[in-house]
Amino acid sequence: MAKFLIIRFSSIGDIVLTTPVIRCLRKQFPDAEIHFLTKTAFKDILDNNPNINKVYTLQDDFDGMTTALKAESYDYIIDLHHNLRTLRVKKALKKVKAFSFNKLNVEKFIYTNFKINTLPKKHIVDRNIETVQSLGVTNDGFGLDYFIPEKDIVAKHDIPTAHHAGYIGIVIGAALATKKLPLHKLQEICKSINHPIILLGDRDDRAMGDAIAEVDDMKIYNACGKFNLNESADLVRNAKLIISHDTGLMHIAAAFQKPIISVWGNTVPAFGMYPYYGSRSNQQYSVVEVHKLWCRPCSKIGYDRCPRGHFKCMEKINVSEIVTLANRYLGR
């Protein structure tokens, strides 16, 4: 019986994007033991995945952690993060054959610094699958997975009655500021959409959510910080439509095959992390971005503030385009 260790430390979206590898690996090796190593903060994303036998978390006591991993006697390591810490893990488990994801850092450097795109026109999911193709693993075309435990299903009475007949989920947060629309843009979007809205984000987004909800506190419900990640995922699952920045909840929305309007700032879809539904799906998504902006993309991740000071990649986003797309998805 083969035994695998998959490594991806962070973050929400990146871990969700590894789920096709987990599922397809299970299909290729139905009797295998599949373990996953990640950060403690992201363990809940994986705990309920039926294709995973055990989840390990990155520990401050690195030697103690690697001792536990050595005791598992893995046959293969699948490194889907490929950084210095995963290199340490692989060195500690030096007798274990490892397959490592190609991050294409040189190509990303060329794109962000010289605006020359040499990246393959391929989604990161397909590149993840390529990491294990020598094991005979192929993409089954079923897209992403996200499993919500029963305890995290959001009760109907936990959202306003006005939203029981259906709502649009708007993800207002993102890991870094240059991936987020400014407050006034989000207020304008919410004001212009004539449909119940639930704002999604974490505690750090709570104050911005309150300011947006002031536009119309009957139409707009600020759920930021009120629900944990799995509960927020359940709100995404039950939404008619998701409007999102390039962030983790966007990928969770894709896992639930929701229509998505994705809004892009300093990052670009060409990095290969746009909404992914799988080849068997007919679901659609839309990309809203500022084209032909000389400074974009400025980073493969993002910044706390625009390095040029003008933030044109978000300030020039066309709100009317987002509203028109939302109405089209709602069948208006």
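Quantities reported herein were computed from a predicted structural model and do not represent experimental measurements.
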When you check the side-chain N and O atoms of N230 and Y146, is any donor under 3.5 Å from an acceptor?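 Looking only at side-chain atoms, Y146 and N230 do form a donor-acceptor pair, the distance falling under 3.5 Å.
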Taking atom types as modelled and ignoring hydrogens, do the side chains of Q284 and S286 form a donor-acceptor contact shorter than 3.5 angstrom?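 The criterion, which ignores hydrogens and geometry beyond distance, is not satisfied for S286 and Q284.
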Counting distance only, does the side-chain N/O of K3 pair as donor-acceptor with the main-chain N or O of A32 below 3.5 Å?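 No; zero donor-acceptor contacts below 3.5 Å.
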Are the side chain of H245 and the backbone of T247 linked by a donor-acceptor contact shorter than 3.5 Å?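 Answer holds: no.
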Determine the interplanar angle of the [X] and [Y] rings, folded into 0 to 90°, and report it as parallel if under 30°, tilted if 30 to 60°, perpendicular if over 60°.
| X | Y | result |
| --- | --- | --- |
| Y221 | F227 | perpendicular |
| Y56 | H35 | tilted |
| F29 | F4 | tilted |

Ring-face cation of R85 near F9 (centre distance under 6.0 Å, axis angle within 45°):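 Because its charged atom sits under 6.0 Å from the ring centre and within 45° of the axis, R85 does stack over F9.
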Side chain to side chain contact (heavy atoms under 4.5 Å, CB included) against D202, all qualifying residues, sequence neighbours excluded: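 So D202 forms a side chain to side chain contact (heavy atoms under 4.5 Å, CB included) with D204, D205.
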Distance-only criterion, 3.5 Å: show the donor-acceptor pairs between side-chain atoms of residues 12-19 and protein atoms not counting sequence neighbours.
from	atom 1	to	atom 2	distance (Å)
D14	OD2	S11	N	3.3
D14	OD2	S11	OG	3.1
T18	OG1	I15	O	2.6
T19	OG1	V16	O	2.7
T19	OG1	D145	N	2.9

Would you please indicate if the ring centroids of H251 and Y276 are separated by under 6.0 Å?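 No, too far apart.
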Which residues end up grouped with I301 if you chain together Ile, Leu, Val, Met, Phe, Trp and Tyr wherever their side-chain heavy atoms are less than 4.5 Å apart?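 Traced through the cluster, I301 reaches L176.
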